[in-house]
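Report on the structure given below.
Below, chain A is the first sequence line, B the second, and so on; all start at residue 1.
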Number of protein chains: 2
Amino acid sequence: MTVDRGTRPARRPVPTTRTPGDDLAPVDVPEGPDGSESSDSTESSDGDTDTASRPVPEATVARLAVYLRVLTTLLAEGRGTVSSEELAAAAGVNSAKLRKDLSLIGSSGVRGVGYDVSRLVAEVEATLGLTRPHAVALVGVGNLGHALAGYGGFAARGFPVAALFDVDPALVGTTVDGVEVEHADTIPRVCAERGVTIGVVATPASAAQTVCDHLVAAGVRSILNFAPTVLAVPAGVEVRKVDLAVEMQVLSFHVARRHGTVPAAGPTATPRQTPREAVSR
Amino acid sequence: MTVDRGTRPARRPVPTTRTPGDDLAPVDVPEGPDGSESSDSTESSDGDTDTASRPVPEATVARLAVYLRVLTTLLAEGRGTVSSEELAAAAGVNSAKLRKDLSLIGSSGVRGVGYDVSRLVAEVEATLGLTRPHAVALVGVGNLGHALAGYGGFAARGFPVAALFDVDPALVGTTVDGVEVEHADTIPRVCAERGVTIGVVATPASAAQTVCDHLVAAGVRSILNFAPTVLAVPAGVEVRKVDLAVEMQVLSFHVARRHGTVPAAGPTATPRQTPREAVSR
DNA sequence: ACTTGTGAATTCGTTCACAGCA
DNA sequence: TGCTGTGAACGAATTCACAAGT
């Protein structure tokens with residue numbers, strides 16, 4: 001995993017717009033896909049004779065998504081070029097790393113000038129396979145699942161929700177954001193029919209493995225798992241996981257590391273309102 | 001460089017005590033979906049004289065949370081001991097890595113036997129700082145934020161939601177799962193009053209930085225960011241981010257890597273239902 | 001006989017620093 | 001002069017493999 005050492009925080013890269021409170025994170029970017037970062041169990045040893053294959057390391061792929069978000073914003077602002085320094089700052093990484101990342105996807109910046117924004121956007125999108133939509137199947141329309149399904153930016157970014165599944169008879173048959181919820185038993189058939197390539201598991205941990213097996217049987221090779229379980233999949237299947245409990249506990253660790261043992265206690269007097277500038281260097 | 005990478009070996013004091021199965025239990029998932037994972041800017045030399053410092057690498061911390069989940073399950077099943085081999089398989093990691101991780105927190109397994117489950121649970125919890133609750137403030141009660149707030153397992157695991165914030169007048173004043181939604185302007189005061197130590201940002205990207213600043217001003221040193229933006233924070237503040245878009249794009253990359261360019265196409269006949277080694281159970 | 005704990009080897013990723021080109 | 005692209009140094013994390021307890 002990952003963990004990129006505290007790099008520099010970089011100041012707000014985006015043009016802060018948009019009304020404050022409202023839903024989740026649909027980003028403001030006009031259109032293009034974007035993303036951010038993370039890291040995780042990747043797994044899936046591609047068993048097959050994968051010829052020459054991975055020029056682009058996973059860590060870089062995750063960052064490319066972040067660069068793309070920034071680039072999309074810049075593009076919307078009409079910027080023609082960016083320097084590695086500026087882009088790196090906005091993405092919160094070291095410029096050398098950014099240049100190396102871009103060189104890996106065969107980028108072509110211009111020495112003395114920088115990178116052509118629109119071109120770079122196209123290159124990153126091509127690398128991430130965003131030039132065509134990926135039908136997504138979401139299993140588990142409960143609390144979180146429902147929120148995810150209703151999350152517009154999902155389909156808007158090239159990931160149309162092609163199917164929703166659940167086993168709860170009270171949910172099956174209902175419609176969420178225009179998509180009907182079908183019974184999980186139909187996963188194999190429906191996913192194959194609609195050409196689903198990415199599956200999202202948002203079920204309780206107890207059902208996750210079974211659901212995963214069904215998705216895999218339907219030909220889904222990429223799965224995003226929100227259930228707190230380690231999914232076992234055959235070689236060739238990619239699983240990424242998002243685990244709230246893990247995140248919270250990691251933060252807990254840091255809280256604890258700070259005040260040796262002391263809980264929150266007093267109303268944290270310190271009115272820190274610090275500078276917040278670009279950290280180190 | 002600034003960052004004084006943890007050099008100091010120093011071990012963890014870990015008060016090996018505690019009765020076997022007992023209290024606070026981050027226990028296995030009671031219900032819905034959760035989690036996420038990621039990694040992020042860490043660092044921040046805590047200004048004060050930080051005595052001993054970081055024996056446990058970040059990567060290990062994230063895994064400890066996973067081990068804990070498995071261990072809790074085992075404990076519930078009444079298992080007295082586990083071997084590194086079994087625990088590692090269930091957590092989806094290499095056994096050598098698991099042993100190294102555990103040795104870092106000063107574990108004490110018994111050669112030829114394995115680890116005492118209840119004791120290990122206690123040690124891991126102590127390391128992760130789970131021996132006491134951490135008040136959480138959730139900002140942005142929209143789509144996702146609402147789902148997170150309603151997610152029971154949250155409070156159940158030692159992370160009681162002490163406050164909810166939003167700027168939408170239609171939401172302020174309402175109650176979600178017993179907690180009233182307050183206006184984001186009151187973040188500083190309310191968080192300080194209730195001793196919030198962890199903040200969760202589930203606002204649109206445009207509001208994220210501002211919200212973050214308020215949380216930091218209120219003394220929150222650990223933030224979980226669901227908004228697709230790179231948050232700039234002063235040294236000493238820990239930010240972890242969870243970004244759906246990035247996850248999806250990374251999966252997209254893998255899908256693309258497989259079939260060169262071809263979309264989903266045919267109903268993936270292959271009935272792979274393979275071995276599915278290791279893990280689970 | 002079995003399983004932990006850990007030094008050493010290895011792999012992977014990040015950062016430096018500079019040559020090369022516009 | 002300015003900024004990219006990249007070899008080489010560096011550092012972190014993983015894996016190996018075995019000595020050491022029980």
Identify the heavy atoms of [X] and [Y] that sit nearest to each other, and give their distance.
X	Y	answer
A:Leu120	A:Tyr115	CD2-CB, 3.7 Å
B:Ala91	B:Tyr67	CB-CD2, 3.7 Å
A:Leu104	A:Pro55	CD2-O, 3.8 Å
A:Ser118	A:Asp116	OG-OD2, 2.9 Å
A:Cys212	A:Ile223	SG-CD1, 3.8 Å
B:Ser95	B:Ala88	CA-CB, 3.5 Å

Can you check the [X] [atom1] to [N] [atom2] distance for me, whole Å?
X	N	atom1	atom2	result
B:Glu85	C:dG5	CD	C1'	15 Å
A:Glu86	D:dC3	CD	P	11 Å
A:Leu104	C:dT14	CG	P	10 Å
B:Leu120	C:dT4	CG	P	11 Å
B:Leu102	C:dT4	CG	P	9 Å
B:Leu98	D:dA13	CG	C1'	15 Å
A:Asp116	D:dC3	CG	C1'	15 Å

Could you encode protein contacts along nucleotides 17-22 of chain C as a string, one character per nucleotide from 5' to 3', using B for base contact, S for sugar-phosphate-only contact and - for no contact, with a heavy-atom cut-off of under 4.0 Å?
B-BBBS
Working to the nearest 0.5 Å, report the span between CD of A:Glu85 and CZ of A:Arg99.
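Here the rounded value is 7.0 Å.
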Rounded at 0.5 Å granularity, tell me how far CG in B:Asp213 sits from CD in B:Gln209.
4.5 Å
Contacts of B:Phe159 that satisfy ring pair (Phe, Tyr, Trp, His ring centres under 6.0 Å) - sequence neighbours left out
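By the ring pair (Phe, Tyr, Trp, His ring centres under 6.0 Å) rule, B:Phe159 matches B:His134.
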Using a cut-off of less than 4.0 Å, is there contact between a side-chain N or O of B:Asn94 and OP1 or OP2 of D:dA13?
no
On the nucleotide C:dT4, are OP1 or OP2 found under 4.0 Å from the side-chain N or O atoms that B:Ser84 carries?
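True: B:Ser84 side-chain N/O within range (under 4.0 Å) of C:dT4 OP1/OP2.
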Looking at every strand, decide which applies to A:Ser108 at a 4.0 Å heavy-atom threshold: base, sugar-phosphate, or nothing.
sugar-phosphate
Axis-to-axis angle between the two ends of the helix from C:dA1-D:dT22 to C:dA22-D:dT1 (five base pairs per end, rounded to 10 degrees)
0°
Just to verify, what does B:Ser222 make a side-chain hydrogen bond (donor to acceptor under 3.5 Å, both in side chains) with, not counting sequence neighbours?
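Once residues adjacent in sequence are excluded, B:Ser222 has no partner under the side-chain hydrogen bond (donor to acceptor under 3.5 Å, both in side chains) criterion.
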For B:Arg79, which residues count as a side-chain hydrogen bond (donor to acceptor under 3.5 Å, both in side chains) partner, sequence neighbours excluded?
B:Glu86
B:Ser252 (side chain) donor-acceptor with A:Gly129 (main chain) under 3.5 angstrom
yes
Does B:Gly114 or B:Lys100 map to a spot on DNA chain C nearer the 5' end, using the closest nucleotide for each?
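Closest to the 5' end, via its nearest nucleotide, is B:Gly114.
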Per B:Tyr115 side chain, nearest of listed nucleotides C:dG5, C:dG7, D:dT4:
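Shortest atom-to-atom distance from the side chain points to C:dG5.
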Protein N or O to nucleotides 11-13 of chain C N or O, pairs below 3.5 Å:
none

